[in-house]
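Below: the structure, in structure tokens.
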Amino acid sequence: MRTHRISAALALTAAIVLTASACGGGDSGGGSNSSPKTLTYWASNQGSSLENDKQVLEPELKKFEQQTGIKVNLEVIPWSDLLNRILAATASGQGPDVLNIGNTWSASLQATGALLPFDQAAFDKIGGKDRFLESTIASAGAKGKDPAAVPLYSMAYGLYYNKKLFQAAGIATPPATWEELVEDGKKLTSGDKYGLAIEGGNVSENVHHAFTLGMQHGTGFYDAAGKPQFDSPEAVAAVKQYVDFIAGDKIAAPGNAEYAANQSVTDFATGKAAMLMWQSAGANLKSHGMNPDDYGVVPVPAPAGATGDKATTSMVAGINLAVFKNTKNLDGALNFVKFMTSDEEQKTLNGTYGSLPPVKAAQSDAAFSTPELQTLAGVLQKSAAPLPQVPTESQFETLIGTAVKNLLASAAAGKPVTEATVKDELSKAQQQMPAS
């Protein structure tokens with residue numbers, strides 16, 4: 001999902017995910033076809049405004065109506081409200097027919113029982129499971145269970161670097177390892193200009209980077225049985241590495257600890273920072289007047305010689321499309337999912353939003369052949385991993401993201417951040433997790 005829009009939703013609602021799970025509102029009945037001529041669709045805010053999303057989606061929904069005779073009633077919901085609205089619907093059993101969900105929420109919402117499982121029969125009705133990139137399907141529900149949704153828009157993190165600033169600093173190539181990134185970052189840091197910009201006040205950005213670094217250090221923050229391992233030595237090392245961009249390495253500005261509204265993107269676009277780790281930043285950078293020729297994009301660094309999970313360079317980011325189990329137009333809902341994930345619609349919608357199609361055939365279109373998107377597509381295919389697909393994932397995002405935020409704030413205030421400091425903060429986060 002587009003992480004800069006979801007922090008408030010997670011912070012407000014993570015504590016009640018298990019309550020919604022216990023209610024099991026979605027299990028109170030099954031789908032039917034009692035209202036075959038209409039569908040209600042809750043879309044997430046992907047464009048510059050809710051109105052912009054309506055302008056993008058309404059012509060496409062009209063196409064669907066012309067093809068099928070089914071009218072789609074569209075509601076675009078801001079990220080600040082979306083998870084609350086979904087949880088209320090799962091608890092009551094009264095929701096839309098089709099809805100967008102952040103892909104990192106998939107397992108948590110799957111646990112409520114309110115979403116239609118995409119078993120083999122459901123996938124057959126939308127054109128088959130093998131049309132989608134494997135990594136995007138892996139972020140659609142708990143391992144070993146039928147996915148709770150299908151991928152709609154995909155994104156991945158890349159390392160954006162300012163070519164002119166690199167050249168001026170005498171750096172010939174972008175960093176491929178963390179050692180190189182820190183070394184380059186120090187060369188690029190001078191006065192009020194810094195080597196790297198981070199969004200330290202954004203809970204979701206924090207947890208995404210903590211997760212990626214955790215994988216590189218050998219932990220996904222949960223053990224094989226799904227038990228939290230937030231304060232393991234590997235987790236401590238991962239979080240300290242991230243916090244040290246301000247605390248120890250000093251390649252990110254102390255003020256970055258408060259950034260929570262894309263200020264890091266602005267700093268990169270305006271030359272105040274030479275590097276940025278972000279999801280599909282091209283459209284945002286263009287809006288700030290930065291020419292695509294002025295920057296390059298490479299995978300986020302990994303440890304030298306890393307293989308397997310330790311070579312992870314991004315979490316799998318994106319938006320999934322789910323069907324509410326109690327839909328009154330089951331056939332129409334599946335037909336709508338088929339339409340929205342068709343090659344043509346995938347090209348249109350992802351091309352408009354600057355995201356990547358999770359559908360293999362659509363991703364090969366020339367519209368997604370820019371150097372930026374080609375790099376991100378390679379990351380998604382080769383070195384991206386889904387966040388933990390466990391029922392408590394939403395709490396994990398909030399608690400770990402907040403712990404990192406607190407540590408960055410301490411670093412920005414000049415307080416020492418040691419391994420013991422990091423372990424203590426992560427232990428507090430683990431203690432706040434609900435009992436399994």
Side-chain angles (χ1 to χ4, degrees), residues 1 5-6 8-46 50 53-54 57 61 70-118 122 139-142 145-153 318-337 340 389 391-395 397-398 434:
M1 65 185 71
R5 296 176 181 159
I6 69 168
L10 288 174
L12 286 170
T13 60
I16 61 172
V17 171
L18 288 185
T19 302
S21 301
C23 293
D27 289 325
S28 59
S32 70
N33 288 298
S34 58
S35 299
K37 293 299 182 182
T38 60
L39 286 171
T40 297
Y41 175 40
W42 285 0
S44 55
N45 178 204
Q46 297 299 306
L50 302 184
D53 280 307
K54 292 177 184 177
L57 293 171
L61 303 185
I70 300 173
K71 178 176 175 54
V72 180
N73 298 311
L74 171 68
E75 183 177 359
V76 182
I77 302 176
W79 283 107
S80 57
D81 296 337
L82 184 59
L83 190 52
N84 279 333
R85 293 281 301 276
I86 294 172
L87 290 173
T90 63
S92 68
Q94 303 297 316
D97 299 286
V98 185
L99 66 157
N100 287 178
I101 63 174
N103 67 350
T104 64
W105 302 342
S106 294
S108 293
L109 293 176
Q110 182 181 49
T112 70
L115 303 181
L116 180 77
F118 272 83
S139 64
K145 295 185 178 181
D146 292 322
V150 297
L152 181 63
Y153 311 127
I319 308 301
N320 289 346
L321 193 61
V323 173
F324 202 68
K325 187 185 285 186
N326 287 354
T327 175
K328 298 299 187 289
N329 189 357
L330 179 58
D331 291 344
L334 289 171
N335 203 1
F336 182 68
V337 172
M340 292 290 281
Q389 294 295 302
T392 57
E393 193 282 332
S394 292
Q395 290 95 325
E397 286 201 34
T398 300

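Just so it is clear, the values below take in all heavy atoms, side chains as well, and ignore hydrogens, waters and symmetry mates. Treat the numbers as computed from the prediction; the structure is a model and nothing was measured.
- In this structure Glu75 satisfies the side chain to side chain contact (heavy atoms under 4.5 Å, CB included) test together with Trp42, Ile77, Arg85, sequence neighbours excluded.
- Here the closest non-hydrogen pair linking Trp105 and Ser394 is CD1-OG, 4.1 Å.
- When side chains are defined from C-beta on, Asn103 does not count as touching Tyr153, because their heavy atoms never get closer than 4.5 Å.
- In terms of heavy-atom proximity, Pro391 sits nearest to Ser108 at O-OG, 2.9 Å.
- Taking Thr40 as the reference, nothing meets the side chain to side chain donor-acceptor pair (under 3.5 Å) condition, with sequence neighbours excluded.
- The stretch residues 88-101 participates, sequence neighbours left out, in no salt bridge (Lys or Arg N to Asp or Glu O under 4.0 Å) pair at all.
- Contact annotation: the side chain of Leu109 approaches that of Leu83 to within less than 4.5 Å [non-hydrogen atoms, C-beta and beyond].
- The side chain to side chain contact (heavy atoms under 4.5 Å, CB included) test applied to Lys54 returns Glu51, Glu58, Leu74, Val76, not counting sequence neighbours.
- In this structure, Leu334 and Leu116 have side chains that are in contact, with non-hydrogen atoms separated by less than 4.5 Å.
- With Thr398 contributing its side chain and Gln395 its backbone, the two residues share no donor-acceptor pair below 3.5 Å.
- Between the side chain of Asn320 and the backbone N or O of Ala148, no donor-acceptor pair lies under 3.5 Å.
- Listed for the Gln110 side chain is a donor-acceptor partner under 3.5 Å among the backbone atoms of Ala142.
- Of all non-hydrogen atoms in Pro434 and Thr392, the two that sit nearest each other are CG-CG2, 4.2 Å.
- Residues passing the side chain to side chain donor-acceptor pair (under 3.5 Å) test with Asp53 are Asn45, Tyr353, sequence neighbours excluded.
- Of all heavy-atom pairs spanning Thr90 and Ala114, the tightest one is CG2-CB, 3.5 Å.
- Counting heavy atoms from C-beta on, the side chains of Lys325 and Pro117 come closer than 4.5 Å.
- Rounded to the nearest 0.5 Å, atoms NZ (Lys145) and OG (Ser106) are 12.5 Å apart.
- Gly141 and Gln389 get closest at one heavy-atom pair: N-OE1, 3.1 Å.
- For Phe336, the ring pair (Phe, Tyr, Trp, His ring centres under 6.0 Å) partners are Tyr41, Phe64, not counting sequence neighbours.
- Rounded to the nearest 0.5 angstrom, Ser44 OG and Asp81 CG are separated by 12.5 Å.
- In this structure, the separation between CD1 on Ile70 and OG on Ser35 is 11.0 Å, given to the nearest 0.5 Å.
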| task | Test side chain to side chain contact (heavy atoms under 4.5 Å, CB included) on Ile319 and Ile101 and set out the steps. | result | CA-CA 6 Å; Ile319 308 301; Ile101 63 174; over 6 Å; no
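- To the nearest 0.5 angstrom, Asn335 atom CG is 9.0 Å from Asn329 atom CG.
- Atom CE of Met340 and atom CG of Leu152 lie 5.0 Å apart (nearest 0.5 Å).
- Judged as a side chain to side chain donor-acceptor pair (under 3.5 Å), and not counting sequence neighbours, the contacts of Asp331 are Asn33.
- Residues satisfying the side chain to side chain contact (heavy atoms under 4.5 Å, CB included) test with Ala333, not counting sequence neighbours, are Leu39, Val98, Val323, Thr327.
- When all heavy atoms are compared, the tightest approach of Leu57 to Ala43 is CD1-CB, 3.7 Å.
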